[in-house]
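Heads up: the structure comes next, in structure tokens.
Just so we're clear, the structure is a prediction, and the values are computed from it rather than from any experiment. Just so we're on the same page: letters track the sequence lines, and every chain starts at 1.
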Protein chains: 2
Amino acid sequence: MDGAEFRRHGHALVEWIAQYLESSDRYPVLSRVAPGELTRALPDHAPEAPEPFDAVLGDIEHLIVPALTHWNHPGFFGYFAISASPPGVLAEFLSAALNQQAMLWRTSPAATELEAVTLGWLRDLVGLPASFDGVIYDTASISTLHALAAARELAVPGVREQGLAGRPGVTGLRVYCSDQAHSSVDKAVGLLGLGLEGLCRVSTDDRFRLSMPALREAVARDRAAGLTPMAVVATLGTTSTTSVDPVAEAAAFCAAERLWLHVDAAYAGVAAMLPDQRDTFAGWEHADSVVINPHKWLFVPFDLSAFYTRRMDVLQRAFSLVPEYLRTPDTGGTPRNLMDTGVQLGRRFRALKLWMVLRTYGAQGIRALLEGHMALARTFAAWVDEDARFERLAPVPFSVVCFRATPAGVAAADLDAFNQRLLDSVNATGDVFLSHTRLHGVLTLRLAVGHLRTTDAHVRRAWELLCEHSDALAAR
Amino acid sequence: MDGAEFRRHGHALVEWIAQYLESSDRYPVLSRVAPGELTRALPDHAPEAPEPFDAVLGDIEHLIVPALTHWNHPGFFGYFAISASPPGVLAEFLSAALNQQAMLWRTSPAATELEAVTLGWLRDLVGLPASFDGVIYDTASISTLHALAAARELAVPGVREQGLAGRPGVTGLRVYCSDQAHSSVDKAVGLLGLGLEGLCRVSTDDRFRLSMPALREAVARDRAAGLTPMAVVATLGTTSTTSVDPVAEAAAFCAAERLWLHVDAAYAGVAAMLPDQRDTFAGWEHADSVVINPHKWLFVPFDLSAFYTRRMDVLQRAFSLVPEYLRTPDTGGTPRNLMDTGVQLGRRFRALKLWMVLRTYGAQGIRALLEGHMALARTFAAWVDEDARFERLAPVPFSVVCFRATPAGVAAADLDAFNQRLLDSVNATGDVFLSHTRLHGVLTLRLAVGHLRTTDAHVRRAWELLCEHSDALAAR
């Protein structure tokens, strides 16, 4: 593809994407393809000869687009709603062309330093102190993995060299989180060789918050049994209900017990930018590490996870390994080489999109968007609360509402099946997409507000569809 | 940023990138900024008010671009040379806008199925059998981590649940690789809790290939000492010299010894597309897992690592965890959910760029590019061989040449320092960038050919600069 062709296709793509960003709502949110349909429509083998790019773009329109679930659609209310904002998309375009590989400072001074600068900006915006040093990973799964790897490095002297197996005195390592914590904690514990049995899921209170008495009891019981408590993962904004663990108490407890405290604020962390939310986050500044995902609720295209720790020295001790082919002349005052702060040697230029988004919207613009989303969630929650056909199943600290339909005439035992049918029916309209969870054993619908272009009208549409479809299903 | 603004800035960016892709050689390859220079030029805090996007683009031109080391420059000969090809860049632009999160099939049927299809295409192109199932990760570090996690899952019954510590009989787990294997093996071994002491780096022969006698002896010695051999990592195209481990012999040995064989073909794997290279790869089809990085030598923008395994069942056993909020209705025949095949829950739509690159160049086009790079490397190697002022330090199986200057009048003991000065001097010109390694203790320069637009003229320029600067430095 020569320069003229790149220009022609590039300009056409700008037009296509501009239209997509403005009107992705002309597509059904949830893809309607059947499993295997796309696979069957594609050739079994790569072409031998080059194909015209127009043919590729044609296939994107006719084969790929129908197989998309549109995360970048204002009617997307599933999981956590995310946004590829226009400046974020342009940043990724540029980042791909520059193709930076920021393993060493010298292999990309721009990516290395812009990462530190933008992470400093974000840290200040959310009110974490300067004692937190940051690094960008791809996902919160990887951030939490690094947090627990650092915790293990502190808890088990020599673990990097000697490992975990067959060492006298190294046994029964324990990590604690609530029964609402994300599955990435399990994955990290498993990968680190601690064993899923080493993860203690502590009960939560009636607002789905980590129970401090239960945590204290679990740690005391484990110590009495000769086990080795190592770390606690507290969550500010859990995945099911966005509940808020008592992080200040957890931090005091962890300090007294010498446990690593990792705070998973992947979704909700950015809300700490709002002055009236500061109380919610009080105490997280005493954590050992915090993860915030700008690709969740900060309008940055996927992927970008911001990991902060007060113990970057421990993280580096766990991960720094410099083979000869990566040694660089000591230039003096060289900033950190990013490869020393994690398992991945290669890193792309992710900071660019965070920087471009923060500048384009400004802190004021971001705060207004976050407040708007939280207001929309409260509005929806009020509709649920005021309507006898529905009930709310959890508090709404941020922008997610947990609820279910409870229509007259449907027996309590049938409510799970009814709500599953309702969910499928509403999602099949294509106008909105909601996902579910299970709370105290009850099938729960979730409306997660978070897309840049989601307005009052989209939330109202979701509510209308839920009411209509619930009435219709109940009348059958 | 509204649609009109997106169009305006998007079209301008297309023009900027088109020019960059055609003429990135107007920039010095290696950035000339001093450490901290970019940081000092940027504000300490995010702006409160939104900033005009033109200001952001202005800063990119004036602050970011000078701080780039241009990996996408035809004079980039360091590490492994990579390319963001025009169709790959357009694919990433589109991928950012679509913002797919392919954790579940239903959250992106397109990303899930296109990943399987394109990995099938690549597998067939490189001649691996259909018994290999694939998954896309970000980097080879993560691919190798997953390979060794799967190996651990097989070697240590119940490791996922019970971990490694304090278990009778679970001790002395051993992983083997050559002294030329990549540092990602160390990082994976450390992270998995095996301990760096559990990694046995076996010696290599005079061509930097894993010594099979040494491997056999190490495993026998370890078994005799009551240790537990678990896995071997063989490399096809090592990082320093691109040497080729005897993978057929290693596979036979691993089968007999019941060891997991992981083949790191991150750089060189794509060369298996060339019919005359098939012998080089003979036997890799008996490996348990293989990693090939299309972001290295397949013209796909960073990041995309293709991981293949004949034991996807073991990988899924190690990683599959399905919390309630991620359960989906059983639709029957649903393809794999990608979140079940690794530590990262979220995955972006990486397959798109691989698919678009394979179609735009076609298998023929890719083969011609690879052959061209290998021919350039052989040409350069011949110049080295024919010139008494230089010596070659390793064979050239692919597209990397290891060599050093040995000018008359420089004592043997001073050659390392001389070559370091030569490297710095040549890199300071800005026309080319080479990196180094150390072979048998000797500082070694590396010329790695791999960029899409690297021609005869760029390689010739590198040679001229090396000759000129070597002569000048030797004459001092």
* CA sep, side-chain torsions, deciding dist, call: A:Leu191, B:Leu145, side-chain contact (heavy atoms from CB on, under 4.5 Å) -> CA-CA 9 Å; A:Leu191 197 69; B:Leu145 174 65; 3.8 Å; yes
Please tell me if the side chains of [X] and [Y] come closer than 4.5 Å, counting only heavy atoms from C-beta onward.
X	Y	answer
B:Ser95	A:Phe93	no
B:Ile60	A:Met356	yes
B:Arg106	A:Leu30	yes
A:Ile142	B:Ile142	yes

* To do: For B:Ser108 and A:Thr69, run side-chain contact (heavy atoms from CB on, under 4.5 Å): C-alpha distance rounded to whole Å, both residues' side-chain angles, the deciding distance at 0.1 Å, then the answer.
  => CA-CA 5 Å; B:Ser108 185; A:Thr69 285; 5.5 Å; no
* Asked: Roughly how far, to the nearest 0.5 Å, is CG of B:Leu345 from NZ of A:Lys187?
  -> 6.5 Å
* Structure fact -> Interatomic distance, CG@A:Leu94 vs CG@B:Leu57, rounded to 0.5 Å, equals 8.0 Å
* Asked: Do B:Gln101 and A:His295 pass the side chain to side chain donor-acceptor pair (under 3.5 Å) test, and can you show the C-alpha distance, the side-chain angles, and the key distance before you say yes or no?
  -> CA-CA 11 Å; B:Gln101 213 285 42; A:His295 70 226; over 6 Å; no
* To do: Carefully, step by step, assess A:Phe6 and B:Glu22 under the rule side-chain contact (heavy atoms from CB on, under 4.5 Å).
  => CA-CA 10 Å; A:Phe6 179 83; B:Glu22 286 172 328; over 6 Å; no
Quick check on the interface: out of [options], who has the most heavy-atom pairs with chain A under 4.5 Å?
options	answer
B:Leu192, B:Leu194, B:Leu42	B:Leu192
B:Phe53, B:Phe302, B:Tyr361, B:Tyr20	B:Phe302
B:Val56, B:Leu90, B:Asn72, B:Val117	B:Leu90
B:Phe349, B:Tyr79, B:Phe319	B:Tyr79
B:Gly88, B:Ala67, B:Gly190	B:Ala67
B:Met1, B:Glu92, B:Arg359	B:Arg359

Contacting moiety of [X], where chain A heavy atoms sit under 4.5 Å:
X	result
B:Ser183	both
B:Leu439	neither
B:Ile17	both
B:Ala34	backbone
B:Pro52	neither
B:Asp138	side chain

* To do: Identify whether the distance between the nearest side-chain nitrogen and carboxylate oxygen of B:Arg160 and A:Glu197 falls below 4.0 Å.
  => no
* To do: Taking only Lys NZ, Arg NE, NH1 and NH2, and the carboxylate oxygens of Asp or Glu, determine whether A:Asp303 and B:Arg347 approach each other closer than 4.0 Å.
  => no
* To do: Would you name the heavy atoms of B:Glu15 and A:Arg7 that are closest together and state the gap between them?
  => OE1-NE, 2.9 Å
* Where do B:Glu113 and A:Thr39 land on the side chain to side chain donor-acceptor pair (under 3.5 Å) test, with the steps shown first? -> CA-CA 6 Å; B:Glu113 296 196 23; A:Thr39 303; 2.6 Å; yes
* Test item: A:Trp121 side-chain N/O and B:Pro43 main-chain N/O as donor-acceptor pair under 3.5 Å -> yes
